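When a ligand or atom number is given, it counts from 1 through the structure's own listing order. Small disclaimer: the values here were computed from a predicted structure and weren't measured.
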Amino acid sequence: MTENAAQIASTTFFPLILAGAFVLIVAGFGVFFMSTAGLRANARVSQLVRDLADARTKLLEAQEIGRFGTFMWNFDDPSKSFWSDETFKLFGLVPRPKPPAFESVMSTVHEKDRPAATQKWKQIMTTPGDFATTFRTVAASGQTRYLELRGKTTVDVNHILRHIQGVVHDITREKEIDKAKSEFVSLASHQLKTPLTSIRWLSESLLGPKSESLSEAQKKYVSDIHEASRRMAEMVNDLLNVSRIELGTLAVRVEEFDATELLKAVVSEQQHAATLKQIALKLICPEGLPHLQADKSQVRMVMQNLISNAIKYTPDGGSVEAELSLTGGRREVLFFRVSDTGIGIPKGERDKMFQKLFRAGNAQESVPDGTGLGLYVVKSVLEHAGGGITFDTKEGKGTTFYASIPLVWQMPNVEVV
Ligand code: ADP
C-alpha cells in the first residue's frame with residue numbers, strides 16, 4: 001500500500017510540479033521582459049519630452065535672435081490659441097501662457113496706426129488667404145518699433161474658418177536703413193541741384209543773343225548741354241520727390257489758384273518738345289472752373305509729368321490732348337485727362353505702371369533714358385491729397401490718364417508709414 005501510494009505520487013504529482021514550475025518560470029520571464037520593455041518605453045518617452053523641451057527652447061532662442069514671434073488663433077476653440085514669448089515681447093507685453101485680449105494688443109499700437117490696424121485685423125479674421133501688414137508699436141519706455149505681421153487665414157473643406165497662423169517680425173532696423181537711404185538720396189539730389197542750375201543757366205545765356213559769336217557746331221554743343229542738363233534736372237527732381245515721399249517730408253502748402261491758368265502755363269512750357277516731334281498739343285478747358293485750394297507746385301508736377309510723358313511716348317506726327325473738367329458727379333473733384341496717340345502700355349505690364357522705377361519694355365525701346373519715378377510720385381501725391389489716377393490704354397494706339405484732383409486739399413503735411 002505504501003509502495004503503491006509512492007508510485008501514484010511519483011506518476012501523478014511529479015509532472016504537475018514540473019508543469020507548475022515551468023509556468024512559473026515562463027511567467028517570471030514574461031514579467032521580467034514586460035517590465036524592462038516598460039522601463040525602456042518610459043525612458044524613451046522621457047527622452048522625447050526632453051527633446052521636445054530642448055527643441056522648444058531652441059525655437060524660442062532663434063525667435064529672440066531673429067526678432068520674430070509666432071502666433072496662432074483657433075476659431076473652434078480660442079482657448080487653444082497661442083502666442084510665442086517673443087510675440088509678447090515684440091508687442092512690449094510680458095509673456096503669458098494665453099494670448100492677450102484684443103484691446104491690450106491694440107493699446108500697444110501707435111495711436112496713428114490704430115484705426116488701420118484694427119480694420120486690417122477685422123479683415124484677417126474674416127478673409128481666408130495670405131495676409132501682410134505693417135504698423136508701429138510704442139513700448140512703455142516710449143520706444144517705437146515697426147512690426148510686420150505675415151500669415152495665413154485657413155478654412156476647412158466647408159469653407160468654415162479654422163485658424164490664423166502667422167509670424168510677427170521686428171522690421172525697425174530695415175525701416176531705419178530705408179530711411180538712411182532716402183536721406184542720402186535726398187541730400188545727394190539736393191546737392192546736385194545747384195551745379196545743375198548753373199549749367200542750365202549758363203548754357204541758356206550762351207544760346208541767347210551771345211550765340212551770334214558762336215559757330216554752328218558750337219551752338220549745337222551748347223544746345224545739347226542745355227537739353228542734357230534739363231533732363232538731368234528732371235531726374236534729380238524725381239529722386240528728390242521720391243525721397244521726400246518716403247521720408248514723409250513732402251510738405252503740402254495749400255494756396256488758392258486757377259487750375260486753367262496753371263495748365264495753360266504747363267502746356268506752353270511743353271509746346272517746344274511737342275513742336276520738335278510735330279505733335280499737335282491741344283488744350284480743353286471749360287469756362288468758369290472753380291479755383292483750387294491745393295498745393296500749386298504739386299498740381300503743376302502732376303500736369304507736367306502726364307503731359308511730358310504723353311509727348312515722350314507718342315511717335316512724331318501724333319497728337320496729345322489735355323482736358324480739365326468737373327464732370328462725373330463728384331463736384332468737389334477736378335478731373336484732369338491726358339490722351340495721346342502713342343505707343344500704349346503692353347497688356348502684361350499694366351499692373352506695374354505706378355511702381356517705383358518701373359518702365360515698360362516698349363517705353364525702354366523707344367525712349368532709352370527715363371527713371372520710372374514720375375508716375376509713382378504723381379500717384380503718391382494725388383492719393384495723399386485724397387484723389388487718384390487711372391488709365392486706359394491700347395498698345396500701339398495710345399493711352400489716356402485720368403487724374404482726380406480734390407478741389408480743396410486739407411492735410412497740413414504728408415506722413416508715410
Ligand atoms: P519714365 O517716363 O521716366 O520712364 P514714369 O514713371 O513717368 O517714368 O512712367 C513709368 C512708365 O510708364 C514709363 O516708362 C512707360 O513705360 C509708362 N508710361 C507712362 N506714360 C505713358 C504714356 N503716355 N504712354 C505709354 N507709356 C507710358
The protein heavy atom nearest to atom 23 (N) of ligand 1 is D340 OD2, 2.9 Å
Among non-hydrogen protein atoms, atom 15 (C) of ligand 1 lies closest to A363 CB, 3.5 Å
Polar contact flag for I343 and ligand 1 (N/O pairs, less than 3.5 Å)
no
G372 near ligand 1 by a heavy-atom separation under 4.0 Å: yes
* Would you check whether N309 has a nitrogen or oxygen atom less than 3.5 angstrom from a nitrogen or oxygen atom of ligand 1? => yes
For atom 16 (O) of ligand 1, the closest protein heavy atom turns out to be A360 N, 2.9 Å
Contact region, K312 to ligand 1, non-hydrogen atoms below 4.0 Å, reads side chain
Is it true that R114 and E111 have a side-chain N and a carboxylate O under 4.0 angstrom from each other?
-> no
Using residues 55-64 as the side-chain source, report each donor-acceptor pair under 3.5 Å to any protein atom, sequence neighbours left out, with the distance given to one decimal.
residue: T57; atom: OG1; partner: A53; partner atom: O; Å: 2.7
residue: K58; atom: NZ; partner: D54; partner atom: OD2; Å: 3.3
residue: Q63; atom: OE1; partner: S84; partner atom: OG; Å: 2.7
residue: Q63; atom: NE2; partner: T70; partner atom: OG1; Å: 3.1

Within the 4.0 Å heavy-atom cut-off, what T371 brings close to ligand 1 is both
| Under a 4.0 Å N-O cut-off, is there an ion pair linking K175 with D178? | no
Ranked by distance from atom 25 (C) of ligand 1, the top protein heavy atom is G344 O, 3.6 Å
Residues F88 and V94: closest non-hydrogen pair is CD2-O, 3.4 Å
A student comparing Q355, M353, R359 should find that the heavy atom closest to atom 18 (N) of ligand 1 comes from M353
shortest atom 26 (N) of ligand 1-to-protein heavy-atom contact is with I345 CG1, 3.6 Å
Handout entry: Contact check: G374 vs ligand 1, nitrogen or oxygen atoms, below 3.5 angstrom
Key = yes
Worksheet item: Is K179 salt-bridged to E176, going by a charged N under 4.0 Å from an acidic O?
Response: no
Short version for L375: what comes under 4.0 Å of ligand 1, heavy atoms counted, is both
At under 4.0 Å between heavy atoms, what of F358 touches ligand 1? The answer is backbone
Under 4.0 Å from one or more heavy atoms of F401, ligand 1 contributes atoms 20 (N), 21 (C), 23 (N)
heavy-atom search around atom 13 (C) of ligand 1 in the protein gives Y313 OH, 3.6 Å
Problem set entry | Salt-bridge criterion met for E323 and K282 (N-O under 4.0 Å) | no
Within the 4.5 Å heavy-atom criterion, are F91 and V168 side-chain neighbours or not? yes
Give yes if a backbone or side-chain nitrogen or oxygen of G370 is under 3.5 Å from a nitrogen or oxygen of ligand 1, and no if not. no
Looking at ligand 1, does F391 have a heavy atom less than 4.0 Å from it? no
If the threshold is 4.0 Å, N to carboxylate O, is there a salt bridge linking E148 and R150? yes
Exercise. Does the side chain of R44 pick up a donor-acceptor pair with the side chain of Q47 at under 3.5 Å?
Worked result: no
Here the salt bridge (Lys or Arg N to Asp or Glu O under 4.0 Å) pairs for residues 341-361, sequence neighbours left out, are E246-K356
Basic-acidic side-chain contact under 4.0 Å: E383, K379
yes
Within the 4.0 Å heavy-atom cut-off, what L306 brings close to ligand 1 is neither
Fill in: Salt-bridge contact E234-R230 (side-chain N to carboxylate O under 4.0 Å)
yes
So the atoms of ligand 1 within less than 4.0 Å of a heavy atom of L373 turn out to be 6 (O), 8 (O)
